[in-house]
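All values below were derived from every heavy atom in this structure, side-chain atoms included, with hydrogens, water molecules and symmetry-related copies excluded. Here the structure is a predicted model, which is why all the values come from computation and not from measurement. Within every chain, numbering begins at 1; the chains are lettered A, B, ... in the order of the sequence lines, protein sequences first and strands thereafter.
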Amino acid sequence: MTTDPAVRVRFSPSPTGHPHIGMMRTCLFNWAFARHHGGQLVFRIEDTDAARDSEESYQELLEALRWLGMDWDEGPELGGSYGPYRQSERSEIYADVVAKLRAAGHVYEAYSTNEEVEARHRAAGRDPKLGYDNFDRQLTESQRAAYQGEGREAVLRLRMPDQDISWVDMVRGDVTFPAGSVPDPVLVRANGKPLYTLTNPVDDAMMRITHIMRGEDLLPSTPPRQIGLYRALADIGVATVMPTYGHLPLVRGEGNKKLSKRDEQTNLWYYRERGFVPEGLINYLALLGWSIGPDRDVFSPAELTAAFDGTGISPNPARFDEKKAEAINAQHIRLLSVDDLASRLRTHLTAAGLTYDPAVLAAATPAGRRADRHPVRCRHDAQLPFRQRRGRGTGPGGGREEPRH
RNA sequence: GCUCCCAUCGUCCAGAGGCCUAGGACGCCGCCCUUUCAAGGCGGUAACACGGGUUCGAAUCCCGUUGGGAGUACCA
């Protein structure tokens, strides 16, 4: 395999639930990396789990990226030369790859149930929770026929290479998994539908992805399996470029745990509703595992992409600190022009079902920008003049509109 | 259990062997400014997990311990 000098990265979420703040951070790093290097960002939807994926969620993902101002070069709604970009539309491609893998002997049919695997571990005196034991690798024709005779349906598993698997991680340096520590993964379900374990590496290979930056939560299982599969894909001519991996530190919530989907703080819209501006949120997110330079933490998206070359990413997990996020956001708000802020305020006023008077808004905005942490609070300021006019006869802006900027 | 990852103030980041009596930011605590709340100014609080090496010299390199996290699905 060769190393392709042009940078091609991807953002490949599954459309389940609302846009997750951790996911957005992952996308941000990929976006910044692509923009910095003048490369391409491929936006791909991994919707191979019909039971969990939803159209609403997909639409929210699009809206999320647009709101944050992260543009992509290939993807749904846009096209590109490696499409389609929704995995649910790529069935024939996967079927073709599977046929080749099968012909080359890289995959095999497995009939074992989890119970049978555990029973075998127990019988051999091993920990029953060890995972799949690669038992079906050496099934004979007659054994296979017997299982089929019972009406069992097989999953397709990848024959993992019998060597240590190691790679140089962009964030962590050398990482090695000993041979035999990762069981043969299932690539295709018994019902014939491909799994993420197959589609993700296949698409990365076929879309010529050069760098894979994603969350650390995927580190223990995914890279070994993917590298194993990549070798097989190279063998059958599907993969030409071995991507470089970079595993980004986890974003944690208030506890010490990874941000959980049930926590409202993981939902991107939570921040938008609370008055975060995209610039502010992006700035804060970038601070989680990275820094633009010594003793500096306020910067624009443009400054981010100019500086973000993929080096210097911290390997340790970061806690999402809402207070600091708000503080960074507030600095961005103060950087906004009065007109700009006023127009953004309008959205919030309208969303809150409040009427607004342009004159009042114009008067309150400078004060709001000067003082408040986010537009939601400015909104209260914008209402203030009404109260004051009634109660104390003070003019719009409460006398605070003196031009101090 | 097994595999992998991580380890500097409460939190995030700086520090890539001597510049460190460890710096910035958020938070917190004072004071100043201010009709309120903010914002702003000034000051303060607070950390290199532990133990061994290597070295003239270690927050920085190596090993171990401890602690934390993640994964261990026909989810992604």
Among residues at least two apart in sequence or on other chains, which ones pass ring pair (Phe, Tyr, Trp, His ring centres under 6.0 Å) with A/Phe320?
A/Tyr271, A/Tyr284
Of the listed nucleotides (B/A76, B/A39, B/U3), which one gets closest to any side-chain atom of A/Ser181?
B/U3
So which nucleotide from B/C4, B/C5, B/G1 ends up closest to the side chain of A/Phe177?
B/C4
Give me the distances for all protein-to-nucleotides 9-11 of chain B N/O pairs that come in under 3.5 Å?
none

Which word best sums up how the rings of A/Phe33 and A/His37 line up, parallel for under 30°, tilted for 30 to 60°, or perpendicular for over 60°?
perpendicular
Taking [M] as the reference, what is the distance to [N] when you measure between their [atom1] atoms (whole Å, please)?
N	M	atom1	result
B/A58	B/G53	P	12 Å
B/G64	B/C6	P	14 Å
B/G69	B/U55	C1'	33 Å
B/C31	B/G52	C1'	48 Å
B/C61	B/A46	C1'	28 Å
B/G23	B/A16	C1'	16 Å
B/G40	B/G18	C1'	39 Å
B/C20	B/A47	C1'	13 Å

N/O contacts under 3.5 Å, protein versus nucleotides 64-70 of chain B?
| residue | atom | partner | partner atom | Å |
| --- | --- | --- | --- | --- |
| B/G68 | O2' | A/Asn256 | ND2 | 3.4 |
| B/G69 | OP1 | A/Lys257 | NZ | 3.0 |
| B/G69 | O4' | A/Arg252 | NH2 | 3.2 |
| B/A70 | O2' | A/Asp217 | O | 3.2 |

Under a 4.0 Å threshold between the charged nitrogen and the carboxylate oxygen, would [Y] count as salt-bridged to [X]?
X	Y	answer
A/Glu74	A/Arg208	no
A/Arg214	A/Glu46	no
A/Glu109	A/Arg102	yes
A/Arg25	A/Glu216	no
A/Arg10	A/Asp203	no
A/Arg8	A/Asp73	no
A/Asp235	A/Arg231	no

Whom does [N] pair with, Watson-Crick or G-U wobble, provided both distances fall under 3.5 Å?
N	value
B/C42	B/G30
B/A49	B/U65
B/A25	B/U11
B/G1	B/U72

Of A/Arg86, A/Glu92, A/Gln87, which is the lone residue that meets side chain to side chain contact (heavy atoms under 4.5 Å, CB included) with A/Glu89?
A/Arg86
So if I apply the side chain to side chain contact (heavy atoms under 4.5 Å, CB included) rule between A/Thr197 and each of A/Thr199, A/Asn200, A/Leu195, which one comes out positive?
A/Leu195
Against A/Tyr111, only a single residue in A/Glu150, A/Gln148, A/Glu153, A/Gln143 fulfils side-chain hydrogen bond (donor to acceptor under 3.5 Å, both in side chains); can you say which?
A/Gln148
Would you list the protein and nucleotides 72-74 of chain B atom pairs, both N or O, that sit under 3.5 Å from each other?
| residue | atom | partner | partner atom | Å |
| --- | --- | --- | --- | --- |
| B/C74 | O2 | A/Ala190 | N | 3.0 |

Quick one: A/Leu288 CG to B/C6 P, roughly how many Å, whole number?
18 Å
Between protein and nucleotides 19-23 of chain B, what N or O pairs are separated by less than 3.5 Å?
| residue | atom | partner | partner atom | Å |
| --- | --- | --- | --- | --- |
| B/G23 | O2' | A/Asp295 | OD2 | 3.0 |
| B/G23 | N2 | A/Asp295 | OD1 | 3.4 |
| B/G23 | N3 | A/Asp295 | OD1 | 3.4 |

Earlier contact from the 5' end, RNA chain B, for A/Asp47 and A/Gly289
A/Gly289
May I ask you to say what A/Thr176 touches in the nucleic acid, namely base, sugar-phosphate or nothing, with a heavy-atom cut-off under 4.0 Å?
sugar-phosphate
Applying a 4.0 Å non-hydrogen cut-off, can you work out what A/Val182 is touching in the nucleic acid: base, sugar-phosphate, or nothing?
nothing
Ring centroid separation A/Phe308 to A/Phe29 under 6.0 Å
yes
Under the criterion salt bridge (charged side-chain N to carboxylate O under 4.0 Å, His left out), which of A/Arg157, A/Arg120, A/Arg122 is the partner of A/Asp133?
A/Arg120
Anything under 3.5 Å between a protein N or O and an N or O of nucleotides 41-50 of chain B, put it in a table, one pair a line.
none

Taking OP1 and OP2 of B/C75, is either one under 4.0 Å from a side-chain nitrogen or oxygen of A/Thr16?
no
